[in-house]
Amino acid sequence: MGVNAASVLNRLLQRNTHKPKALPTDSKALTTTVLTHLNAGRLRKAVSILFASPVPFPFSLYARIFQICSSNLAIVEARKVESHLITFSPAPPIFLLNRAIETYGKCGCLDDARELFEEMPQRDGGSWNAMITAYAQGGCAEKALWLFLRMNRLGICANEITFASVLGSCATVLALFLSKQIHGLIVKYGFCWNVILGSSLVDIYGKCRVMSDARRMFDEIENPNAISWNVIVRRYLEMGNEKEAVVMFFKMIRANIRPLNFTFSNALIACSGISALQEGIQIHGVAIRIGYDEHEVVSSSLIDMYAKCGDLESACGIFELPSSKNLISWTSIVSGHATSGRTREARELFDEMPERSVISWNAMLAGYTRFCQWEEALEFVFLMREATQDIDHVTFGLILNVCAGLSDVELGKQVHGFIYRHGLYSNLFVGNALLHMYGKCGNLRSTRLWFYQMSHWRDRISWNALLTSHARHGLSEEAMTIFGEMQWETTPSKFTLGTLLSACANIFALEQGKQIHGFMIRNGYEIDVVARGALVDMYSKCRCSFTDLILWNSMILGCCHNGRGRDVLGLFGLMEEEGVKPDHITFQGILLGCICEGLAELGTEHFNSMSNKYCIIPRLEHYGSMIELYGRHGFMDELEDFIKRMPFEPTVAMLTRVFNACSEHGHSRLGKWAAEQLNELNPSTPFHFQILDRSRVGK
DNA sequence: TTAGGGTTAG
């Protein structure tokens with residue numbers, strides 16, 4: 001029948017040509033018929049004609065059909081074509097079999113692809129690439145990598161396409177070490193200029209959280225394209241470096257690369273994260289200029305950015321545009337109102353929503369809980385239970401917060417049971433919410449029990465919840481013990497320390513409070529509003545009338561941590577004018593200020609004034625600061641004089657600092673002395689003095 | 001001919 005149709009067609013064609021042609025062979029006629037069906041989109045028909053005919057077809061026709069099978073994911077047809085090809089062509093060209101592998105890969109039939117690959121009598125680089133790509137795109141990253149290693153062992157050279165596929169798989173399984181090796185090969189083969197490989201490496205380093213390498217790789221790409229820029233913006237965002245994500249977005253604009261819509265949303269999320277409204281507005285401007293502002297994803301992201309940055313008016317302005325109302329932007333608008341305390345308006349909007357998702361419900365509930373509207377929240381939870389089955393871990397976390405807010409441990413226990421039955425307890429967010437609920441309700445036994453059960457997945461927030469629950473219920477001693485245990489597992493946050501300070505205030509534990517204050521200063525913790533309040537509370541409760549001093553010290557140390565040495569000295573002057581007497585912490589700050597500014601003479605004066613004028617005996621850290629001050633700024637004679645006159649033996653840290661300063665500033669006498677002292681203290685790893693910069697020899 | 005990133009809301 002096909003032959004007949006082809007004959008008819010041929011006759012028609014012949015009638016149109018003036019020069020009579022030789023009659024077409026069967027094969028030619030069939031080819032034309034097949035092509036006619038293909039051109040008309042009748043893939044199945046075309047393949048059935050091909051499959052039924054006992055003659056081979058031109059290779060180009062097989063190639064064409066494989067391509068069409070790929071894009072239509074037509075696995076049955078692909079198998080027929082391959083079968084026909086290997087049956088009727090004694091030696092099918094490798095490229096066609098590669099095509100077949102690619103087609104199987106695209107259709108997700110990795111077993112077919114692998115079978116053909118393994119049975120091929122001969123393979124070329126393209127065969128390996130096709131098979132590796134099939135695995136990489138079929139979600140079998142490990143198999144792709146494994147095949148690449150086998151290819152390498154057989155001495156088959158990888159090309160850029162191989163590397164691109166392999167790097168994609170490396171990114172999936174976060175194979176950092178292998179990626180670094182492949183990076184080496186890429187450099188060796190001279191493929192560094194390839195923007196796809198460069199971007200993939202940026203992607204991998206970013207996903208493996210080594211942003212310094214990601215950035216270095218990005219900077220090495222000669223002409224980064226929109227994808228390269230998108231990757232770097234996205235990775236900075238994921239790493240929590242929103243500021244750099246925004247900076248990179250604007251660099252992209254300056255480089256005249258047209259952002260993708262995803263890049264807009266990434267940059268806008270970054271703006272929300274750091275409340276950078278001005279930058280968000282500028283991005284909005286760019287979107288308008290490029291004509292992306294009405295793109296659904298971009299406009300939803302804009303609405304969310306304005307809502308999160310507190311500019312609800314602008315958010316609503318875009319939301320009112322006809323093209324931008326959808327479930328997501330509705331949710332953003334509700335969330336924006338709810339989280340800014342306008343829960344009544346949020347609820348009105350929520351009730352108007354044409355459709356709602358679990359996220360919309362959670363957004364509204366989060367508004368109630370954030371502003372402690374527990375009764376409304378509870379009522380809303382019951383409404384939610386009636387309206388939808390769709391409840392997730394965020395909902396449960398919020399419901400537990402409601403229980404905590406109402407101090408309703410009975411309800412909390414019911415929720416706990418529900419969570420247990422639904423297997424949601426291993427979620428950290430839910431687990432911590434449970435701890436918080438039991439703690440807030442004063443059910444400390446349950447808190448401890450659950451905390452113990454969470455031992456395999458708890459985090460710093462869990463520890464804080466445990467500690468806070470004890471501190472808030474007057475068990476300050478226990479809170480201190482927990483603080484000690486906590487440090488075996490994680491580092492305390494500023495919230496932990498704030499809680500502890502109030503615990504100290506509660507039990508009039510001045511010494512412990514001072515230790516925690518010192519801990520914060522030594523470890524560079526920010527003395528924020530909460531901590532400052534707790535400090536004032538503690539010192540005043542402990543009948544120390546030093547509250548003013550504490551505030552001055554906080555300010556002074558705050559300046560030190562920001563490298564503002566001059567401000568430290570200014571503050572000290574003001575403090576003296578106010579008649580506030582400094583303490584050893586103040587002097588720690590002053591000396592740090594002098595170190596920042598390189599003021600050796602002034603530092604010496606202040607150090608001496610401690611004992612002479614203020615009757616404060618300098619502590620180890622003050623001596624350490626003086627050594628740092630002299631050592632860092634090259635006051636070597638002063639340093640030598642100072643260290644040799646100290647009323648105690650210098651510590652290893654001090655000697656090491658002196659030793660390093662001598663190497664740097666070329667002071668061999670003192671350097672040798674320090675080395676001798678160190679070697680006496682620890683003979684197993686001897687120090688040898690050597691001057692780093694020869695031009696300074698002679699001093 | 002074969003290759004890379006990414007989908008906005010709690």
Side-chain angles (χ1 to χ4, degrees), chain A residues 63-64 66-67 70 95-96 98-99 101-103 105-106 124-134 136-137 144 158-172 191 194-204 206-207 221 224-235 237-238 259-269 272 295-305 307-308 315 319 324 326-336 338-339 346 350 353 356-367 369-370 390-398 429:
Chain A
R64 172 96 191 277
F66 277 133
Q67 192 183 15
S70 277
F95 93 90
L96 263 186
N98 295 350
R99 223 9 113 62
I101 294 175
E102 282 157 25
T103 308
K106 282 262 160 59
D124 63 6
S127 322
W128 289 87
N129 286 351
M131 196 59 229
I132 289 174
T133 307
Q137 294 183 342
N159 66 8
E160 289 141 285
I161 291 159
T162 326
F163 285 132
S165 285
V166 172
L167 286 177
S169 298
C170 286
T172 310
F191 294 150
N194 184 318
V195 63
I196 293 179
L197 298 181
S199 310
S200 300
L201 285 166
V202 175
D203 184 46
I204 290 166
K207 278 188 179 140
I221 300 176
N225 61 20
I227 293 180
S228 328
W229 284 101
N230 188 52
V231 169
I232 193 86
V233 170
R234 175 82 198 174
R235 296 287 160 256
L237 175 65
E238 281 175 354
L260 306 168
N261 50 5
F262 310 113
T263 321
F264 273 108
S265 26
N266 289 331
L268 288 166
I269 296 168
S272 310
H295 187 288
E296 190 175 308
V297 172
V298 176
S299 68
S300 301
S301 305
L302 279 167
I303 291 169
D304 193 58
M305 182 278 295
K308 286 215 174 82
F319 183 65
S324 46
N326 59 39
L327 174 60
I328 291 173
S329 55
W330 265 105
T331 308
S332 291
I333 288 285
V334 168
S335 170
T339 50
F350 179 85
M353 284 178 82
R356 306 178 185 96
S357 68
V358 62
I359 299 178
S360 329
W361 284 93
N362 290 345
M364 190 60 234
L365 185 55
T369 54
R370 178 185 277 207
D390 201 5
I391 290 183
D392 69 1
H393 64 280
V394 178
T395 321
F396 280 114
L398 292 167
F429 180 75

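This is a predicted model, so every value here is computed, not measured. Below, chains carry the letters A, B, ... as their sequence lines are ordered, and counting in each starts from 1.
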request  = Can you tell me the distance, in whole Å, between the CZ atom of A/Arg356 and the P atom of B/dA9?
outcome  = 20 Å
ask   = Which nucleotide in the list B/dA3, B/dT7, B/dT1 gets nearest to the side chain of A/Ala164?
value = B/dA3
ask   = How many Å lie between CG on A/Asn159 and C1' on B/dG4, as a whole number?
value = 15 Å
task = Would you indicate which nucleotide in B/dG4, B/dA9, B/dT1 comes nearest to any side-chain atom of A/Val195?
result = B/dG4
task = Looking at every strand, decide which applies to A/Ser357 at a 4.0 Å heavy-atom threshold: base, sugar-phosphate, or nothing.
result = base
inquiry  = Mind checking if A/Leu365 touches a base, just sugar-phosphate, or nothing, with heavy atoms under 4.0 Å?
reply    = nothing
inquiry  = By nearest atom, which of the nucleotides B/dT7, B/dT2, B/dA9 is closest to the A/Asn129 side chain?
reply    = B/dT2
query = Using a cut-off of 4.0 Å on non-hydrogen atoms, how would the nucleic acid contact of A/Val231 be classed: base, sugar-phosphate, or nothing?
reply = sugar-phosphate
task = Using atom CD1 of A/Ile303 as one end and atom P of B/dT7 as the other, report the distance to the nearest whole Å.
result = 19 Å
ask   = For A/Ala171, which residues count as a side-chain contact (heavy atoms from CB on, under 4.5 Å) partner, sequence neighbours excluded?
value = A/Asp203, A/Ile204, A/Lys207
Rounded distance in Å - CD1 (A/Ile196) to C1' (B/dG4) = 6 Å
key: pair A/Asp390-A/Ser357: side-chain heavy atoms closer than 4.5 Å   = no
ask   = NA contact type, A/Arg64, heavy-atom cut-off 4.0 Å: base, sugar-phosphate, or nothing?
value = nothing
request  = Tell me yes or no: between the side chains of A/Ser165 and A/Thr133, is some donor less than 3.5 Å from an acceptor?
outcome  = yes
task = With heavy atoms under 4.0 Å as the rule, sort A/Asn194 into base, sugar-phosphate or nothing.
result = base
ask   = A/Ile359 has a side chain; which of B/dG4, B/dA9, B/dA3 sits nearest to it?
value = B/dA9
key: Atom-pair distance (CD1 on A/Ile204; C1' on B/dG4), nearest Å   = 10 Å
task = Could you pull out all residues at least two apart from A/His295 that satisfy ring-ring contact (aromatic ring centres under 6.0 Å, His included)?
result = A/Tyr292
ask   = So, is A/Gln137 close to the B/dG4 phosphate, meaning a side-chain N or O under 4.0 Å from OP1 or OP2?
value = yes
inquiry  = Any base atoms under 4.0 Å from A/Asn225, or only sugar-phosphate, or nothing? Heavy atoms, all strands.
reply    = base
ask   = Looking across every strand, which nucleic acid part, if any, lies under 4.0 Å from A/Ser199 by heavy atom: base, sugar-phosphate, or nothing?
value = base
query = A/Glu296 CD to B/dT7 P: how many Å, rounded?
reply = 15 Å
key: Length of the line joining A/Trp128:CH2 and B/dT1:P, which is rounded to integer Å   = 25 Å
query = Between B/dA3, B/dT1, B/dG4, which nucleotide gets closest to the side-chain atoms of A/Ile161?
reply = B/dA3
For A/Ser360 against A/Phe350, the heavy-atom pair lying closest together = O-CE1, 3.7 Å
query = Is there a donor N/O on one and an acceptor N/O on the other, under 3.5 Å, for the side chain of A/Ser332 and the base of B/dA9?
reply = no
query = Counting any heavy atom closer than 4.0 Å, what does A/Asn98 reach on the DNA or RNA strands: base, sugar-phosphate only, or nothing?
reply = nothing
query = How about A/Trp330 and A/Phe319: are their ring centres within less than 6.0 Å of each other?
reply = yes
Nucleotide B/dT7, atom C1' - distance to CG of A/Asn261 in whole Å = 8 Å
Of the listed nucleotides B/dA9, B/dT8, B/dA3, the one nearest the side chain of A/Val297 = B/dT8
message = At 4.0 Å (heavy atoms only), tell me whether A/Asp304 reaches a base, stays on the sugar-phosphate, or touches nothing.
response = sugar-phosphate
